[in-house]
Amino acid sequence: MMVGSQCLVAFRNSSGEIHAYTSPVSSYATQLTEGALSFNVPRIEAEYSNNEFIIFATLQLPAGRTSFNQAWQNGAVSGQALTAHTQSGDNMRSFGSVDFANGELGGGGSSVTSRQRRRNVHGVLNAVSWGVLMPMGAVFARYLKVFKAANPAWFYIHVACQTSAYIVGVAGWGTGLKLGSDSTGIEFTTHRNIGITLFCLGTLQVFALLLRPKPDHKYRLYWNIYHHAVGYAVISLSIANVYKGFDALNGQKNWKRAYTGVIIAIGAIAVLLEAFTWFIVIKRKKTDSNKHTQNGTNGTVNPYGNGTHQQA
């Protein structure tokens with residue numbers, strides 16, 4: 001949750017002097033290099049006393065707002081470089097809120113928690129829709145139709161999965177846009193661009209379903225090529241973007257492992273069904289070939305009835 005923070009930094013450098021400066025955090029790989037903040041800081045200095053750093057600064061707050069979230073951290077110094085703080089204990093509880101108008105402090109960090117909750121909702125909606133339902137719908141379409149008894153049920157299951165995935169995915173996409181507009185200074189460009197691409201391709205697939213030609217139509221072959229190509233592109237981009245989202249949710253390793261397990265399970269099922277499908281298709285071809293050969297032989301030997309009478 002540190003991405004987007006506007007930091008006041010102080011440390012003792014290699015020459016023993018205390019250096020105080022400002023640093024915006026734009027990524028999780030930040031080294032807190034010196035830079036201007038989103039608001040003006042005309043004065044900043046620091047002192048070290050009783051094993052503590054105290055930072056003094058003048059802040060020019062944005063117009064119309066006095067209450068902000070705040071966080072405080074400490075970490076080791078290596079030469080002139082600052083290293084990451086500990087990811088446990090008090091370091092993960094050192095946030096709250098401050099109102100500069102009346103000096104009131106809050107320890108709950110409710111706004112930060114609310115943003116994190118929206119990020120989690122965004123992640124769950126997109127992982128379930130684009131990342132799980134879309135691949136499942138493709139599996140149903142490819143492997144159920146090999147069974148004659150499943151026709152046309154496989155089609156309705158496929159449509160139900162893909163339509164549900166699209167509806168839930170659009171909701172997740174909308175929460176992502178809202179998060180982006182509320183998180184000034186936080187950018188996940190690749191994740192955002194893939195998300196926009198997925199929304200466009202998914203919308204095209206929905207409209208293509210409404211324009212699907214009949215099976216015997218002369219353009220049905222071209223429609224099938226388009227539908228399969230776009231469909232597999234959406235699934236590939238969806239899975240890739242879910243992992244991009246997990247990277248944005250830094251620290252959510254359990255979710256990433258769980259999703260990886262789901263994808264491995266779907267992939268394993270697809271491999272088994274692919275082998276079974278080829279087995280069924282080859283078996284049917286052999287059966288049809290035997291029936292054709294048998295009917296052809298019977299017709300040649302005895303096309304008019306008794307073979308002896310024919311010869312006479």
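Source: prediction; values computed, not measured.
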Flag side-chain contact, heavy atom, 4.5 Å: Ile266 against Met136: yes
side-chain contact (heavy atoms from CB on, under 4.5 Å) evaluation trace for Leu272 with Phe276: CA-CA 6 Å; Leu272 292 175; Phe276 185 70; over 6 Å; no
Minimal non-hydrogen separation, Ala171 against Leu125, with atom names: C-CD1, 4.1 Å
Straight-line distance of Asn13 CG to Ile18 CD1, nearest 0.5 Å: 9.0 Å
Shared hydrophobic cluster, Ile196 / Ile235 (ILVMFWY, side-chain heavy atoms < 4.5 Å): yes
Within 6.0 angstrom of Asn50 CG, more than 12 heavy atoms from elsewhere: no
Whether over 12 other heavy atoms sit under 6.0 Å from Phe56 CZ: yes
Shortest non-hydrogen separation from Leu8 to Ala57 and the atoms involved: CD1-CB, 4.0 Å
Output field: ring centroids Tyr21/His19 closer than 6.0 Å: yes
Linked, directly or transitively: Ile269 and Val132 (ILVMFWY side chains, under 4.5 Å): yes
Distance (rounded to the nearest 0.5 Å) between Phe100 CZ and Leu61 CG: 5.5 Å
Plane angle bin for Tyr259 and Phe246 - parallel if under 30°, tilted between 30 and 60°, otherwise perpendicular: tilted
Any side-chain heavy-atom pair of Thr190 and Lys244 under 4.5 Å: yes
Distance-minimising heavy-atom pair for Thr58 and Pro42: O-CD, 3.1 Å
N/O donor-acceptor pair under 3.5 Å between Thr30 side chain and Val25 backbone: no
Note, Trp173 side chain near Leu198 side chain (heavy atom, < 4.5 Å): no
Other residues, nucleotides, ligands: >12 heavy atoms within 6.0 Å of Tyr219 OH: no
Test item: Leu144 and Ile157 side chains (from C-beta on) under 4.5 Å apart, heavy atoms: yes
Gap between atom CG of Leu59 and atom CZ of Phe68 - 0.5 Å precision: 9.0 Å
Taking every non-hydrogen atom, the tightest pair across Cys161 and Gly137: CB-CA, 3.6 Å
Criterion side-chain contact (heavy atoms from CB on, under 4.5 Å) on Leu204 and Tyr226, from CA distance to verdict: CA-CA 10 Å; Leu204 285 175; Tyr226 155 82; 3.5 Å; yes
Expected output: side-chain Trp223 to main-chain Ala208 donor-acceptor under 3.5 Å: yes
Aromatic centroids of Phe140 and Trp154 separated by under 6.0 Å: no
N/O donor-acceptor pair under 3.5 Å between His228 side chain and Asn224 backbone: yes
Straight-line distance of Ile44 CD1 to Thr22 OG1, nearest 0.5 Å: 6.5 Å
Nearest atoms (heavy-atom pairs only) where Ala101 meets Asp99: N-OD1, 2.9 Å
Check: His122/Asn126 side-chain N/O donor and acceptor closer than 3.5 Å: yes
For Thr33 against Ser23, the heavy-atom pair lying closest together: O-OG, 2.8 Å
Heavy-atom side-chain contact between Gln70 and Phe95 under 4.5 Å: no
Sub-4.5 Å side-chain heavy-atom contact between Gln60 and Val41: no
Atom CH2 of Trp278 with >12 non-hydrogen neighbours under 6.0 angstrom: no
Heavy-atom donor-acceptor pair, Ser236 side chain to Ala233 backbone, under 3.5 Å: no
Neighbour count above 12 (heavy atom, 6.0 Å) for Tyr222 OH: no
Connected via hydrophobic side-chain network under 4.5 Å: Ile239 and Val124: yes
Joint hydrophobic cluster, Val159 plus Phe207, side-chain heavy atoms closer than 4.5 Å: no
Leu179/Arg119 under side-chain contact (heavy atoms from CB on, under 4.5 Å): CA gap, chis, key distance, verdict: CA-CA 7 Å; Leu179 277 171; Arg119 291 174 67 187; 3.8 Å; yes
Under 3.5 Å: donor-acceptor pair, side chain of Gln6, backbone of Ser38: yes
Check: Leu32 and Cys7 side chains under 4.5 Å, non-hydrogen atoms: yes
Evaluation steps, side-chain contact (heavy atoms from CB on, under 4.5 Å), between Thr175 and Arg118: CA-CA 7 Å; Thr175 60; Arg118 292 199 301 271; over 6 Å; no
Nearest-0.5 Å distance, CE of residue Met134 to OG of residue Ser164: 10.0 Å
Hphob cluster co-occupancy, Leu201 + Val206, side-chain heavy atoms under 4.5 angstrom: yes
Interatomic spacing from CZ in Arg220 to NE2 in His227 - rounded to 0.5 Å: 9.0 Å
Close side-chain approach of Trp130 to Val234, heavy-atom, < 4.5 Å: yes
